Amino acid sequence: MKYKKLLRRAFLFSLVLIIITGNKPGASAYSNPNTTLRIGLYYDNDTLASANLEAKVGNGFEFGYFTSDRNFVSLGAISETKITMMKDLNMYLGSDYKYYDAEPQSIKDIVGCYHILLDSSADSYAAAVSIAGNYGDAFPAYYNGVWRVCVGSYTSYDGAQAAMAQRGISGTAMSASSACITVTITGTTKIIFEFDCGSNLSLAVSAIDGTDSTGTAKKAQSWFKGRSYYGAFEYTRLTGKNITVVNIVDIEDYVKGVIPYEMGPGWPAEALKAQALCARTYGAARVNNHKSKGFDLCNTTCCQAYCGTDGANADTDKAVDETAGLYVLHNGELCDTVFHSSDGGATEHSENVFYAAEPYLRGVKDNFESMVNTGYASWSFTYSADEITWILRQKGFNCGNIVSITPTYTENGNIYSLKFTDSNGKSWTFSKSNAGSILYSSSLKKYTYSQRFTVVSSDNSGVALYVNSASNPVQDNTGLYAVGTGGEIRALGNTGQLSVITASGQETVSILGSGVTQSGSSYIVSGSGWGHNVGMSQYGANAMAKLGYTYEDIIKFYYTGVSIG
Ligand SMILES: [Zn+2]
């Protein structure tokens, strides 16, 4: 029944949209000034002493640097397909053929960081390679914008000095700055080149496009730490420490590395396209999100999960290609297209969850999502008053025993605030996303998965009021009317309790209304959905796509008043 009704509505809805969108084809195309994104892969506490890179598809690597306007300047190319970028320190090659900056149990060899710097400079990488060819163990070095040639690798200054005398080479014993990156052939101590431009420029390495076994041209992909990526890699030793690794990638290739991890690859095409639009717009809107760390977006859910090309398949790539260059816009500006897994029945206004009111982030009642299995359609946890007291204290609130909870709800029926009162009459109020998370406790294995839940004293359970077999009890009397025997209609005041006549006589019904204080020895927290409830519901998009809606319909349902261009 419900399904048919929705189908009918779906049909009408899409007709209306065809008329609207048909009037202005491509009216407001957005010209993105930042189609190249910088994505942090290893940073903060995850910086690396050495970083391997292996060509997956391609013919060797080009190396150089990126200018501040994100253009790659190539300095030279190598045909090697397995290279390692490492700190220019004495680096140990273990007998496991991995590199260590501290001596491992079993050493095979050492990449020494002291060299003999030849007096002359070279005009180009090729010229430096040519000079280096005169020595068995020399390599080109790009130091502060000038090509030089270094000979040998020694573990001490004295060692380099002694070798210089012994070998009769005219030069200077030296070690480069704490910004220097040494590049070797992976698994060996053979240095290919060094790059040290202090804090001015960072070494960038980009795989060269290649061909597959049939000779068809293929965009280069590189393996790094077990994942493959399009684009280039940049290596920076911030403050002279370990290496921060940034993937510098075209926004379309970035989106190809996001949607398989944000939505299952088997999802309907229109849902994948809606996700591609969200991921692209979100990425473009957050250029410089982590500017102080040297990149735009990180690769975790802090920004958006991004794991390179491995999870992509023909369907997910197609969803990106078919929406290439399209963004979600409001008044011609990029929208902050936040999204979540499932809304449990209604999304929420942005200002009721995390920040200022965005005109396009309006909560909507979602009748689509319940048609698919979200895995979080309904969940419920019972907390004793003692457990609630314990959680609050654990989270740093110096409260007495909690004796009551007063929840308030938004007009869409999501949680807005929770006020906890202790036996001394003191109270603590948490609102918006804090209301959503304050009762979340991994230790107790009791969770609030979304912003959509109710908190009811167990003393009130079982006598809540349900209207027309709704899955959630009535939270608010507004809109409820009593019809008298003479047909008179009277609005029910928004009190905490109502009396109803049942087969067993008069019973009190609790209205779990906004601002109605719940008190007792335990509380039932029950809800639906998973995520922050703002913007697009991914499962809702899935359901809409299954009903025949297009990606445009999906985007315009979850983001109010937007255009696509
Ligand atoms: Zn981030």
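Both counts, for ligands and for their atoms, begin at 1 and track the order of listing. No hydrogens, no waters, no symmetry mates; every other heavy atom, side chains included, goes into these values. All values derive from a computational prediction rather than experimental measurement.
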With a cut-off of 2.8 Å, how many protein N, O or S atoms neighbour the Zn ion (ligand 1)?
-> 4
Please confirm whether Tyr306 and Tyr254 have ring centers closer than 6.0 angstrom.
-> yes
ring-ring contact (aromatic ring centres under 6.0 Å, His included) partners for Tyr327, two or more places apart | Tyr30
Given the side-chain rings of Phe397 and Phe430, with only the six-membered ring counted for Trp, is the space between their centroids under 6.0 Å?
-> yes
Residue that, paired with Tyr549, satisfies ring pair (Phe, Tyr, Trp, His ring centres under 6.0 Å) out of Phe368, Phe557, Tyr558 = Phe368
In chain order, what residues pass the ring-ring contact (aromatic ring centres under 6.0 Å, His included) check against Phe339, with sequence neighbours excluded?
-> none
With sequence neighbours left out, what residues match Asn313 under side-chain contact (heavy atoms from CB on, under 4.5 Å)?
-> Pro265, Asp315, Thr316
